K.L.:
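I'd like to ask some things about the structure below.
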Amino acid sequence: MSADRSRASRRTSAARVVGLVLAAGRSARMGGAHNKLVEAIGGRPLVAWPVDALEGAGVDAVVVVTGFEAERVEAALAGRACRFARHADWAEGMGSSLAFGVRAIAEAEEAVEAVLVCVGDLPGLRAAHVASVLAAARDPSGRIAPERIALPVFAGRTGHPVLFGAGWLARLAALEGDEGARALVREQAGRVVRVEQPDGAAAGDVDTPAALEAARRGAWQEEGGAG
């Protein structure tokens with residue numbers, strides 16, 4: 001990994017749980033006027049909500065994939081312990097950004113137990129949401145099996161972060177274009193652990209100006225989340 005793609009590449013020996021926040025897109029459905037990820041929601045940039053939630057839940061590291069307006073997004077997260085992986089080909093789509101992020105994690109970590117994949121536009125996401133997914137993924141010994149997949153659910157809607165055990169990382173690293181991990185989750189539906197949530201924050205991503213305004217009113221506390 002080149003220096004301009006990541007601000008941290010130190011390898012560690014212990015198996016770790018890593019959060020991966022996808023924050024590379026253009027916010028196309030916002031009408032071109034805003035980069036939603038740097039918009040303020042509840043006193044924080046939108047992209048800070050999932051980063052803070054992952055860090056608060058005690059994951060070992062958080063990697064944020066940036067691309068469009070990378071400098072603005074990274075500046076919005078200044079002072080946080082996350083590291084950045086800049087994806088030059090971010091316009092190829094979410095699958096490409098996800099694969100790039102997983103490869104960046106593999107280069108920086110000697111051993112990964114699981115990756116928690118999260119979109120960057122989840123206002124209201126809290127550490128408790130993330131912690132519930134982590135807890136559900138662990139076996140009685142506290143380990144996360146390589147084939148484990150776990151995700152949050154509210155009112156029938158699936159959300160983020162989605163936890164993938166280490167056995168799926170090669171599949172994720174090979175994704176291309178705009179197809180994210182949904183196909184893998186559908187394919188493995190019988191083994192996915194679905195973790196019920198108390199509100200819609202984990203499923204309430206922000207894609208439109210109307211959803212952004214709803215998020216500013218605290219819509220994640222209502223049924224269905226902000227989006």
Side-chain angles (χ1 to χ4, degrees), residues 1-26 28 37 47 50-51 54 59-68 70 73 82-122 130 133-134 136-137 143-152 158-194 202 205 207:
M1 188 186 339
S2 63
D4 65 333
R5 288 185 173 183
S6 176
R7 294 184 181 175
S9 59
R10 186 175 52 149
R11 297 174 68 84
T12 56
S13 58
R16 298 182 7 129
V17 175
V18 182
L20 178 61
V21 178
L22 304 178
R26 185 188 289 274
L37 296 178
V47 70
V51 171
L54 288 161
V59 301
D60 296 300
V62 177
V63 174
V64 181
V65 179
T66 60
F68 176 68
V73 175
C82 58
R83 61 185 188 253
F84 303 103
R86 289 195 187 182
H87 185 27
D89 297 322
W90 61 267
E92 293 181 359
M94 180 177 288
S96 175
S97 293
L98 173 52
F100 180 82
V102 171
R103 293 194 298 269
I105 289 170
E107 290 185 21
E109 303 285 345
E110 186 172 329
V112 176
E113 187 175 29
V115 171
L116 284 153
V117 177
C118 195
V119 292
D121 59 342
L122 285 179
V130 180
V133 175
L134 273 170
R143 294 181 60 256
I144 298 175
E147 70 277 7
R148 177 68 70 211
I149 300 175
L151 52 78
T158 59
H160 289 84
V162 183
L163 181 145
F164 294 95
W168 302 113
L169 300 189
R171 288 276 302 271
L172 296 179
L175 291 173
E176 298 178 340
D178 201 37
E179 179 64 32
R182 289 182 180 180
L184 175 57
V185 172
R186 288 194 300 267
E187 174 191 312
Q188 302 296 328
R191 66 173 70 196
V192 173
V193 177
R194 296 171 179 265
D205 54 334
D207 289 328

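A quick note: this is a predicted structure, and the numbers were derived from the prediction, not measured.
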K.L.:
With a sphere of 6.0 Å drawn around CD of Glu179, does it hold more than 12 non-hydrogen atoms of other residues, nucleotides or ligands?
P.N.:
yes

K.L.:
Could you give the distance from CG (Leu175) to CZ (Arg182), rounded to the nearest 0.5 Å?
P.N.:
13.0 Å

K.L.:
Could you give the distance from CD1 (Ile149) to CG (Leu184), rounded to the nearest 0.5 Å?
P.N.:
4.5 Å

K.L.:
Please examine the side chains of Leu151 and Val133, heavy atoms only from C-beta on, and report whether any two atoms are closer than 4.5 Å.
P.N.:
no

K.L.:
Go through the steps to decide whether Leu172 and Val115 satisfy the test side chain to side chain contact (heavy atoms under 4.5 Å, CB included), and finish with yes or no.
P.N.:
CA-CA 10 Å; Leu172 296 179; Val115 171; 5.7 Å; no

K.L.:
Indicate the ring-plane relationship of Phe100 and His87, choosing parallel, tilted or perpendicular according to the 30° and 60° boundaries.
P.N.:
parallel

K.L.:
Strictly distance-based, threshold 3.5 Å: is any side-chain N or O of Arg148 a donor or acceptor partner for the main-chain N or O of Gly165?
P.N.:
no

K.L.:
Got a second to check how far Ser97's OG is from Asp178's CG, nearest 0.5 Å?
P.N.:
9.0 Å

K.L.:
Side-chain contact test, heavy atoms from C-beta onward, threshold under 4.5 Å: evaluate it for Arg16 versus Val112 and give yes or no.
P.N.:
no

K.L.:
Does Gln188 reach the side chain of Trp168, with side-chain heavy atoms less than 4.5 Å apart?
P.N.:
yes

K.L.:
If every non-hydrogen atom of Gly120 is compared with every non-hydrogen atom of Val21, which pair is closest and at what distance?
P.N.:
CA-CG1, 3.8 Å

K.L.:
Might you point out which heavy atoms bring Ala173 and Ala99 nearest each other, and give the distance in Å?
P.N.:
O-CB, 3.4 Å

K.L.:
How many angstroms lie between CG in Leu98 and CD in Glu176, if you round to the nearest 0.5 Å?
P.N.:
12.5 Å

K.L.:
Tell me if a side-chain donor or acceptor on Asp205 pairs with a main-chain N or O of Leu122 at a distance below 3.5 Å.
P.N.:
no

K.L.:
Using the rule given for side chain to side chain contact (heavy atoms under 4.5 Å, CB included), can you reason through Trp90 versus Leu22, listing the C-alpha separation, both sets of side-chain angles and the distance that settles it, and then say yes or no?
P.N.:
CA-CA 10 Å; Trp90 61 267; Leu22 304 178; over 6 Å; no

K.L.:
List the steps, then state whether side chain to side chain contact (heavy atoms under 4.5 Å, CB included) holds for Leu134 with Ile144.
P.N.:
CA-CA 9 Å; Leu134 273 170; Ile144 298 175; 4.2 Å; yes

K.L.:
Is any side-chain heavy atom of Val18 closer than 4.5 Å to one of Leu20?
P.N.:
no

K.L.:
Are the charged groups of Glu109 and Arg83 less than 4.0 angstrom apart, N to O?
P.N.:
yes

K.L.:
Looking at every heavy atom in both Val73 and Phe68, which two are closest together, and how far apart are they?
P.N.:
CG2-O, 4.1 Å

